[in-house]
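What follows is a set of notes on a single structure, which appears directly below.
Fair warning: this is a prediction, and the values are worked out from it, not measured in the lab. Just follow the structure's listing: the first ligand is 1, and inside any ligand the first atom is 1.
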Amino acid sequence: MLIVSAANIFNYLDYSLYKFFLQGIFIMIEKFSLSGYNTFMKKLIINGNTVTTEAIKLKDLLTEYGMPFPCGGKGICGRCKITCHDLSPSALDKRFLSEVQLADGARLACDKSVVEGISIVFEPKTMLKEAIKLDYCNIAIIIGYQNIEIGILNEGIVESVILQNTAAGAINLRSLVGKQCIELFEKYGVAKADTIAVATNAHFAEMLLNSPSDGRGELLDAPDYSLPAETLYVLPFVDKNIGGDFLCKALDKSLPRLVVDAGETFVAGLFTDGDIFCLSHEKVSYAAEELSALKASLELLLSYTKRPLISLYGKNSLRLHGLLDGYSLAEEDDTTLETVATACNENRTRTRLLKLRDRVSLLETVDNDDWQRLFLSANN
Ligand code: FES
């Protein structure tokens with residue numbers, strides 16, 4: 001009797017444990033599927049609208065909403081620009097965007113992931129717009145150490161593209177530029193350009209032409225340089241750091257003006273109605289210890305005139321604000337590509353650029369007594 005009761009008790013316990021075990025599994029499945037839902041579905045705001053998505057890459061999500069990714073998200077065109085203050089700047093952002101743009105929340109979308117709760121603003125219009133067919137076109141190009149900007153022009157700039165400058169020689173540089181021009185021609189239904197105008201420095205002008213140039217503005221037959229146009233015009237430049245694009249930044253601007261390009265190569269020029277003084281520093285990291293040298297350079301230029309307006313450009317421009325306290329900064333309005341565009345077919349622009357170039361006096365820094373004195377006082 002006692003033995004039978006014990007067996008019953010064990011049977012009962014077996015059944016209860018079994019039931020408990022099954023219930024546990026059901027609860028776990030339920031919980032897992034709920035948490036799985038929460039993990040995979042994310043809510044964010046796109047152009048003011050709340051969106052729920054299971055996309056992981058921002059590129060996949062924004063493509064659905066009409067965002068263009070001109071280089072297919074390969075990180076080489078720098079054109080998939082969004083505004084999002086909730087994402088930290090990535091290495092790609094820092095390559096293509098200036099510090100001012102980054103501080104304003106500009107980011108590139110193609111290397112980012114979807115993150116819960118972020119808010120994104122972008123303009124979908126270029127993707128939705130049908131490419132128009134052009135009856136003729138010119139091409140404006142700016143070649144810098146980091147990037148190459150190429151604009152296809154009709155009456156004005158129709159579209160511009162930014163490529164990474166990976167060129168290591170004339171053939172390489174021409175094919176990089178030529179390939180991008182041809183892509184634009186195909187898109188806009190033109191066979192080739194009338195004129196290609198190139199604004200660059202001595203280093204890339206010589207690479208492009210495969211011969212030294214005097215920097216006084218060269219008008220050449222484009223087919224001789226394997227470029228898809230009738231005419232190639234290389235804008236005047238000063239030296240390997242002060243290119244035609246830098247001169248364009250001062251053309252048609254109110255003077256006196258201090259123009260500063262805070263890129264990896266620091267270039268500064270004081271443009272007055274009379275003299276123009278320029279200087280440059282290569283491989284600048286904008287670390288605290290380098291700022292004293294830059295301060296001395298800026299003060300040297302500023303010593304030649306009273307209260308010029310200051311135009312600051314370049315990725316590191318924000319770091320120079322502290323050095324220019326008390327001076328009036330011009331609003332950031334980079335119209336360099338537009339000026340290069342006018343140089344395609346306006347002799348007047350070409351002549352004025354050459355006149356600017358011929359008035360430039362290059363200043364030494366380390367060998368200059370005034371600069372040394374300013375550098376010592378900047379360090380104290
Ligand atoms: S799509 Fe070209 S860099 Fe993002």
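- The Gly73 neighbourhood of ligand 1 comprises atoms 1 (S), with distances under 4.0 Å to a heavy atom of that residue.
- Remark: of the listed residues Val158, Val190, Leu184, Val190 is the sole one forming a side chain to side chain contact (heavy atoms under 4.5 Å, CB included) with Cys137.
- The protein heavy-atom contact nearest to atom 3 (S) of ligand 1 is Gly78 N, 3.2 Å.
- Under 4.0 Å is where a charged nitrogen must lie from a carboxylate oxygen, and between Lys295 and Glu299 at least one such pair does.
- Classification of Lys57 and Asp111 as a salt-bridged pair fails, no side-chain N sitting under 4.0 Å from a carboxylate O.
- Using a 4.0 Å cut-off between charged nitrogen and carboxylate oxygen, Asp370 and Arg373 count as a salt-bridge pair.
- Listed by atom number, the atoms of ligand 1 under 4.0 Å from Gly75 heavy atoms are 3 (S).
- At least one test fails for Arg357 against the ring of Phe237: distance under 6.0 Å to the centre or angle within 45° of the axis.
- From the protein, the heavy atom lying nearest to atom 4 (Fe) of ligand 1 is Cys80 SG, 2.3 Å.
- Listed by atom number, the atoms of ligand 1 under 4.0 Å from Phe69 heavy atoms are 1 (S).
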